[in-house]
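Quick notes on the structure that follows.
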Amino acid sequence: MSGVSSAEYIKHHLVNMTYGKLPAGYARVDSHGESQTLEQATWTLAHNPEEASAMGFNALHLDTLGWSVVTGLIFCTLFYRMAKKASSDVPHGMLNFVEMVVDFVDTTVKDIFHYRNSLIAPMALTIFVWVFLMNLMDLVPVDWLPGLAGKIAGNEHLYFKVVPTTDVNITLGMAFTVFGLMIFFSIKEKGVMGFVKELTLHPFNAPKWYVNILLVPINLILETVSLIAKPISLGLRLFGNLYAGEMIFILIAIMFGAGWALGLFAGVLQWAWAVFHVLVITLQAFVFMVLTVVYMAMAHDVEEEH
Amino acid sequence: MNINATLIGQSITFFIFVWFCLKFIWPPIRNAMAEREEKIAHGLQSADRAEHDLELAREKVLRQLHDAKHEAAAIIEQANKRSAQIVDEAKEQAREEGDRLKVAAQAEIEQEVNRAREKLRNQVATLAVAGAEKILQSSIDVNIHSELVDKLAAEL
């Protein structure tokens with residue numbers, strides 16, 4: 001971090017390793033300040049935030065998506081090994097822990113979701129453990145993994161974000177998947193007409209049909225907004241919490257380079273914030289899981305009494 | 001902060017992990033837990049039953065012990081009675097035996113007395129004859145008076 005200003009340091013930590021398609025005619029500026037115009041659209045790694053922006057939607061965040069897959073695989077491997085070991089005999093060691101988590105998720109789901117759907121509980125377990133593991137990456141000191149990746153790649157300025165949930169694409173990706181499932185189950189349980197009725201005849205409803213016709217547009221607007229707000233708030237809540245936490249870790253990390261006294265203070269701060277953050281990451285994983293289950297329960301709810 | 005294809009990538013990844021969990025993780029763990037729950041419930045139930053059985057057995061033992069004590073007491077009583085009876089019988093027998101012996105002894109004594117009396121009687125006759133002979137020797141001729149003496153002896 002020597003010779004890098006604080007602003008540059010922070011900015012560097014907030015850029016993803018982006019692999020995407022640069023459009024034809026884009027003028028690439030290399031490290032020497034020389035401009036080079038691309039003759040045709042090219043798939044490449046972005047060298048700076050501007051290039052990442054220019055790629056638009058045709059880009060993948062290799063770092064966050066990679067770590068999301070890695071943490072997901074850790075979850076699957078661990079739980080699959082324990083699932084193979086599980087029997088009605090006395091459980092030992094790790095199996096105890098895994099069963100405790102499974103039981104916790106099962107109880108939570110049963111409290112909220114009163115319908116028969118074998119997908120909900122496994123999905124809740126996946127979300128809880130996976131999101132927790134993704135959040136847990138936040139507790140790895142901010143420079144360790146990027147530094148290591150930079151060494152391996154031989155590029156000190158490699159962009160590398162290790163916490164998947166600080167990438168809005170990851171959280172919204174999950175939230176919109178949940179949203180998709182929600183609409184799917186809504187239509188499956190109530191039929192297309194039931195779903196449309198739910199959007200148009202709530203919350204205002206009149207006994208006379210000609211009044212209802214006037215109310216339909218108002219209802220549609222209200223219901224659509226509240227429907228769309230669900231995945232957005234779900235995704236952004238997780239993203240916001242983790243992004244803020246990550247930001248504070250980055251700010252503390254800057255202090256390490258400012259003399260031994262401030263460095264020591266930064267060490268204490270980092271420890272304190274990490275302890276606090278353990279609560280945040282667990283709580284956010286839990287909230288994401290509970291809200292998913294709640295949305296699924298809402299999709300199954302048939303409200304005929306209105 | 002760009003929205004890009006990572007969104008779709010994460011969505012696909014999410015589906016794959018949820019499917020994996022639904023297929024290979026959730027069912028075996030839940031089944032094992034449910035099975036264990038049942039096993040524990042069974043265990044507790046049989047423990048209750050065993051406790052109940054133990055209680056019953058304890059009651060039975062107490063009852064049997066009680067009965068045995070009663071029986072033993074009865075046997076002892078009976079034995080005591082029997083021993084008293086035996087002693088009584090023995091006493092009776094002894095007394096009878098004593099009486100019998102006494103009677104036999106008396107009979108023998110009487111017999112002996114009689115025999116002695118007979119002997120004495122014989123001797124008295126002889127002595128009387130001898131005495132009389134001595135007295136009469138001088139005056140009486142044996143040949144003359146032997147008939148008389150024999151007659152006398154026969155009278156004895």
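Just so you know, these numbers use all the heavy atoms, side chains as well, and skip hydrogens, waters and symmetry mates. Each chain gets a letter, A, B and so on, in the order its sequence line appears, and its residues count up from 1. Owing to the predicted nature of the structure, the values given are computational and were not obtained by experimental measurement.
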What part of I8(B) is in contact with chain A, defined as an atom under 4.5 angstrom from a non-hydrogen atom: side chain, backbone, both or neither?
side chain

Residue from W130(A), Y80(A), F75(A) scoring the most non-hydrogen pairs under 4.5 Å with chain B is W130(A)

Okay, L181(A) and chain B: the region with an atom under 4.5 Å from a heavy atom over there is side chain

Hey, what's the ring geometry for H300(A) with F185(A), parallel, tilted or perpendicular (30° and 60° as the breaks)?
tilted

Report the C-alpha distance between T165(A) and Y243(A) in whole Å, list the side-chain angles of each, state the deciding distance to 0.1 Å, and finish with yes or no for side-chain contact (heavy atoms from CB on, under 4.5 Å).
CA-CA 8 Å; T165(A) 38; Y243(A) 189 77; over 6 Å; no

Winner by heavy-atom pair count (cut-off under 4.5 Å) against chain B, out of G56(A), P91(A), P164(A), G20(A)
P91(A)

If I measure from the heavy atoms of chain B, does V15(A) come under 4.5 Å with its side chain, its backbone, both, or neither?
neither

Most chain A-contacting option - heavy-atom pairs closer than 4.5 Å, from C21(B), A34(B), P27(B):
C21(B)

Considering only heavy atoms, which portion of A124(A) lies under 4.5 Å from any heavy atom of chain B: side chain, backbone, both, or neither?
neither

Could you go through the side-chain contact (heavy atoms from CB on, under 4.5 Å) check for I10(A) and L251(A) one step at a time?
CA-CA 8 Å; I10(A) 294 171; L251(A) 291 177; 3.6 Å; yes

Within 6.0 angstrom of K230(A) NZ, more than 12 heavy atoms from elsewhere:
yes

Using only non-hydrogen atoms and a strict under-4.5 angstrom cutoff, which residues of residues 69-89 of chain B touch chain A?
none

For chain B, which candidate among T64(A), T171(A), L95(A), D103(A) shows the most heavy-atom pairs at distances under 4.5 Å?
D103(A)

Between S53(A) and chain B, which part of the residue has a heavy atom less than 4.5 Å away: side chain, backbone, both or neither?
both

Best-contacting candidate, A52(A), A121(A), A86(A), S68(A), against chain B by heavy atom pairs under 4.5 angstrom:
A121(A)

Run the numbers on F104(A) and F128(A) for ring pair (Phe, Tyr, Trp, His ring centres under 6.0 Å), then give the verdict.
CA-CA 10 Å; F104(A) 169 71; F128(A) 182 57; 5.6 Å; yes

Considering the options V105(A), D106(A), I120(A), which one meets the side chain to side chain contact (heavy atoms under 4.5 Å, CB included) requirement together with L125(A)?
V105(A)

Would you mind checking if E8(A) and K11(A) are paired as a salt bridge, meaning a charged N to carboxylate O distance below 4.0 Å?
no

May I have the step-by-step check of salt bridge (charged side-chain N to carboxylate O under 4.0 Å, His left out) for R100(B) and E97(B), ending in yes or no?
CA-CA 5 Å; R100(B) 208 169 47 81; E97(B) 183 74 15; 2.6 Å; yes

Should E92(B) and R95(B) count as an ion pair when the cut-off is N to O under 4.0 Å?
yes

Would you say the side-chain atoms of T177(A) and S11(B) include a donor-acceptor pair closer than 3.5 Å?
yes

Could you tell me how the ring of Y115(A) sits relative to the ring of F113(A): parallel (under 30°), tilted (30 to 60°) or perpendicular (over 60°)?
perpendicular

For E51(A) and L22(A), what are the C-alpha separation, side-chain angles and deciding distance, and is it a side-chain contact (heavy atoms from CB on, under 4.5 Å)?
CA-CA 7 Å; E51(A) 283 186 13; L22(A) 279 175; 4.1 Å; yes

Within residues 35-47 of chain B, the residues sitting under 4.5 Å from chain A by heavy atom, in sequence order, are E35(B), R36(B), K39(B)

F184(A) ring center within less than 6.0 Å of F179(A) ring center
no

Report which part of F20(B) has an atom under 4.5 Å of a heavy atom belonging to chain A: side chain, backbone, both, or neither.
side chain

At a 4.5 Å cut-off on heavy atoms, which part of D167(A) comes close to chain B: side chain, backbone, both, or neither?
side chain

With the threshold set at 4.0 Å, does a side-chain nitrogen-carboxylate oxygen contact exist between D67(B) and R63(B)?
no

When you compare the side chains of N16(A) and T18(A), does any donor N or O come within less than 3.5 Å of an acceptor on the partner?
no

